[in-house]
Amino acid sequence: MKNTKTLGEELSLYVQAALHDAFPEMIPNDFEATVVKTADSRNGDYQCNDAMALSKILRKAPREIANAIVETLEKPDRKPEMVSSLEIAGPGFINFRLNSEWIADRLLAIEDDAFRGVPQVGAEKTVVIDYSSPNVAKPMHIGHIRSTVIGNALDRLHRFCGFRVLSDNHLGDWGTQFGLIILGYRHFVDQKALEASPVQELERVYVESYQKSKEDESWLDQARKELVKLQQGDEENLALWKKFVALSMGEFDKIYERLDVRFDLTRGESFYNEDLPGVLTRLDEAGLLVESDGAMVVDLEAEKLGVCIVRKTDGGFNYATTDLATVFSRVREFEPETILYVTDERQQRHFRQFFTVCEKLGEGVNLEHVWFGLMRLPEGTFSTRQGNVIKLEVLLDEAERRALEIVQSSSPDLPEAQQRDVARAVGIGALKYADLSQNPQSLVTFTWDKAMALDGNSAPYLQYAHARIRSVLDKHAAQFPDDTLEGAIPVCTLDLEKGLGLKVAQFPEAVLGATKHYRPNYLADYLYELAQQYSTYHQSVPFLKSEDGVRESRMRLIRMVADTLKTGLGLLGIEAPERI
RNA sequence: GCACCGGUAGCUCAGUUGGAUAGAGCAGCGGACUUCUAAUCCGCAGGUCGCAGGUUCGAACCCUGCCCGGUGCGCCA
């Protein structure tokens with residue numbers, strides 16, 4: 001597709017030109033006209049509110065300015081082809097109605113484009129996305145789902161906008177917990193349990209060892225010694241550690257497969273182990289390293305961020321050091337424009353700290369912390385030690401089980417294998433959508449019913465709309481084998497059709513907005529509105545029984561709706577089965 | 001104490017950074033399947049956008065203060 005602008009951007013350019021024509025030399029250089037979608041279709045399709053803002057600068061009444069813009073745009077040789085009518089309303093709003101034929105043309109162009117009209121704003125740019133990042137030797141639980149699902153959606157969105165994306169699963173595989181785990185493992189691991197459910201057993205060992213360390217000082221001492229041995233490369237401990245990592249990865253991979261999540265890189269904290277002393281050297285050379293209470297820190301008091309500890313009193317490094325080393329490594333190896341970190345809100349301060357340190361060091365990379373609200377249970381926060389965590393595996397099982405019940409009752413004719421496939425797509429989709437359809441920053445109180453909503457604004461609603469269209473298309477192909485859709489123009493005759501066509505043409509704006517603001521819910525909202533508009537349309541007009549000509553046009557339009565739904569759901573990591 | 005986030009319909013939440021009469025879903029009430037998938041659609045009802053000031057043509061959105069909830073604030077990640 002040659003034209004890589006959204007509809008709003010195109011209209012903005014026309015207004016910008018008209019402004020300079022109507023008021024030569026009077027428009028400030030940095031002023032950019034903006035045309036946005038209307039909230040209410042009674043006010044047209046798009047609107048420009050600049051006349052009010054310019055009123056002071058130009059010392060003219062807003063309506064006068066709006067008039068001048070409209071008059072310029074209505075000159076016969078100047079009228080944009082995409083606009084069918086212009087109208088001034090209220091204090092000086094300019095309302096645009098788009099031309100139906102032009103929308104139809106735009107739809108054809110979108111259909112021809114591999115990216116469905118989405119401007120490739122990320123071309124030539126690299127972004128590293130750091131997400132999911134579970135801890136080794138602990139099972140993934142519902143607290144991990146947001147980072148995984150939101151991170152994965154951002155991953156897919158960025159790729160679709162042309163970015164070169166490197167997704168990296170920054171595993172917690174080198175913390176101080178390994179001293180306790182190794183010691184615990186030696187004393188009370190149950191080999192049978194380990195075989196049956198490795199991570200669960202490792203976690204049990206960890207919790208027991210942790211408890212013991214609380215009561216028994218010498219136990220804690222021994223754990224510290226095991227940790228030091230590990231860090232110094234002791235063969236036996238290293239072998240145990242490798243075993244723990246491998247066992248954990250095996251279980252993580254099962255989850256990732258079910259969630260259809262893939263990483264380009266899986267580099268845990270241990271990957272950067274050897275770089276840690278170098279981080280200190282570099283900080284020292286930059287004059288940023290100071291000693292404080294026996295620890296080495298970077299003083300960020302001036303930024304009101306306290307101090308950032310990079311070496312503990314005992315000489316060990318901590319997460320800030322590792323995170324710095326990770327940035328250096330990524331910048332050196334991949335030269336990213338941006339690194340995205342998708343974690344919960346509790347780490348905001350930590351990220352602001354080490355982002356500031358990177359800035360002081362002159363790392364030329366844009367660091368973004370995409371944080372999301374904490375997930376909690378109705379009775380309060382959950383924690384491993386309280387034993388009230390819901391394991392991700394259990395959650396996924398339950399989602400599929402609930403979906404299967406519905407599929408069996410509403411599609412009893414489907415073969416069982418297909419019922420299972422559909423249930424998987426619907427169940428997992430519902431789960432993902434529950435997270436992706438809301439503002440990531442809102443706090444989430446987990447309930448089974450909410451996480452797995454199957455009606456209303458939910459993934460199954462979108463999947464249902466998509467499957468319905470596919471079903472109509474199949475019936476059409478069977479009943480009218482001679483119809484060729486390729487020659488047909490998508491109709492935009494009825495209001496419903498024009499609205500639907502316009503909505504499809506706005507897909508790029510939705511994708512860009514979601515990507516730019518790191519807000520997958522912008523895309524989810526868009527898809528929901530699209531599906532809603534389609535459902536209304538579906539209810540109101542006949543497809544297969546409509547007259548020749550109209551029929552093909554309608555089929556062409558709804559096929560585009562189906563394709564848009566499928567692509568959009570795909571960007572959220574949600575499947576769109578042909579039948580549900 | 002300081003910092004960040006949240007407070008919008010009975011419940012769960014949107015509201016793309018200042019635009020027109022604040023929107024959905026669920027729950028409630030009333031309608032629509034002999035017809036392309038009723039996991040659907042149409043309609044009704046439901047609001048002091050936490051409170052009080054301020055900024056301006058215009059504020060749920062920006063500023064100030066306060067109330068309530070969450071989270072964080074040196075050697076965990």
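- Across B:C41, B:A77, B:U35, the shortest atom-to-atom separation from the side chain of A:Tyr319 is found for B:A77.
- For A:Ser55 against B:C57, a side-chain-to-base donor-acceptor contact under 3.5 Å is absent.
- In this structure, the ring of A:Tyr206 has its center no less than 6.0 angstrom from the ring center of A:Phe178.
- Across all strands shown, A:Val407 has heavy atoms under 4.0 Å from base atoms, whether or not it also approaches the sugar-phosphate.
- Here the C1' atom of nucleotide B:C4 and the NE2 atom of A:His369 are 12 Å apart, to the nearest Å.
- In this structure, the aromatic ring of A:Tyr464 is not positioned over the six-membered ring of the base of B:U37 within 5.5 Å between centres and 30° between planes.
- Within 4.0 Å of A:Tyr461, counting heavy atoms only, lie sugar-phosphate atoms of the nucleic acid but no base atom.
- Counting non-hydrogen atoms under 4.0 angstrom, A:Asn521 reaches the backbone sugars and phosphates but no base.
- If you check every strand for non-hydrogen atoms under 4.0 Å, A:Ser292 touches a base.
- Residue-level contact check: A:His538 touches the bases, meaning some heavy atom is under 4.0 Å from a base atom.
- Between A:Arg554 and A:Val541, the closest side-chain pair of non-hydrogen atoms falls below 4.5 Å.
- Comparing atom distances between the A:Met52 side chain and each of B:U16, B:C75, B:G19 picks out B:G19 as nearest.
- At a threshold of 4.0 angstrom between heavy atoms, the contacts of A:Leu305 with the nucleic acid are absent.
- Contact annotation for A:Lys304: no contact, since no heavy-atom pair falls under 4.0 Å across all strands.
- Nucleic acid contact class of A:Arg579 (heavy atoms, under 4.0 Å, all strands): base.
- In this structure, the ring of A:Tyr534 has its center no less than 6.0 angstrom from the ring center of A:Tyr464.
- Within the 4.5 Å cutoff, the side chain of A:Met140 has heavy atoms near those of the A:Ser132 side chain.
- Nucleotides B:G72 and B:G30 place their P atoms 48 Å apart, quoted to the nearest Å.
- Using a 90° window around 0 for the glycosidic torsion, B:U17 falls inside it and is classed as syn.
- Note on A:Val472: only backbone sugar-phosphate atoms sit closer than 4.0 angstrom, heavy atoms only; bases stay farther off.
- Nucleotides B:G7 and B:C51 place their C1' atoms 11 Å apart, quoted to the nearest Å.
- If you check B:A39, B:C75, B:G19 against the side chain of A:Ile406, the one that comes closest is B:A39.
- If you check every strand for non-hydrogen atoms under 4.0 Å, A:Asn95 touches a base.
- Atoms CZ (A:Phe480) and C1' (B:C36) sit 10 Å apart, rounded to a whole Å.
- Set against B:A39, B:G25, B:C4, the side chain of A:Gln532 has B:G25 as its closest nucleotide.
- In this structure, the CG atom of A:Leu289 is 19 Å from the P atom of B:G74, given to the nearest Å.
- The distance from atom CD of A:Gln353 to atom C1' of B:G72 is 11 Å, rounded to the nearest whole Å.
- Place A:Asn457 and A:Thr445 on RNA chain B by their nearest nucleotides, and A:Thr445 ends up nearer the 5' end.
- Other residues, nucleotides and ligands place no more than 12 heavy atoms under 6.0 Å from the CD atom of A:Glu32.
- In this structure the side chain of A:Phe317 never reaches within 4.5 angstrom of the side chain of A:Lys312, judged on heavy atoms.
- Taking atom OH of residue A:Tyr433 and atom C1' of nucleotide B:U12, one finds them 14 Å apart after rounding to whole Å.
- Distance from the side chain of A:Arg519 is smallest to B:G15 among B:U35, B:G74, B:G15.
- Residue A:Glu269 is classed as a sugar-phosphate contact, given heavy-atom separations below 4.0 Å to backbone atoms only.
- Atom C1' of nucleotide B:U12 and atom CG of A:Asn439 are separated by 14 Å, given to the nearest angstrom.
- Counting any heavy atom pair closer than 4.0 Å across all strands shown, A:Asn43 reaches a base atom.
- When heavy atoms are screened at a 4.0 angstrom cut-off, A:Ser471 is found touching base atoms of the nucleic acid.
- Picking from B:G70, B:U40, B:C36 the nucleotide with the shortest atom distance to the side chain of A:Leu443 gives B:G70.
- Within the nucleic acid shown, A:Val541 comes within 4.0 Å of at least one base atom, counting heavy atoms only.
- Between A:Tyr537 and A:Phe543, the gap from one ring centroid to the other is short of 6.0 Å.
- Evaluation of atom-type donor-acceptor distances gives no pair under 3.5 Å for the side chain of A:Gln463 against the base of B:A39.
- Using a 90° window around 0 for the glycosidic torsion, B:C33 falls inside it and is classed as syn.
- The side chain of A:Lys450 sits closest to B:U12 out of B:U12, B:A39, B:U37.
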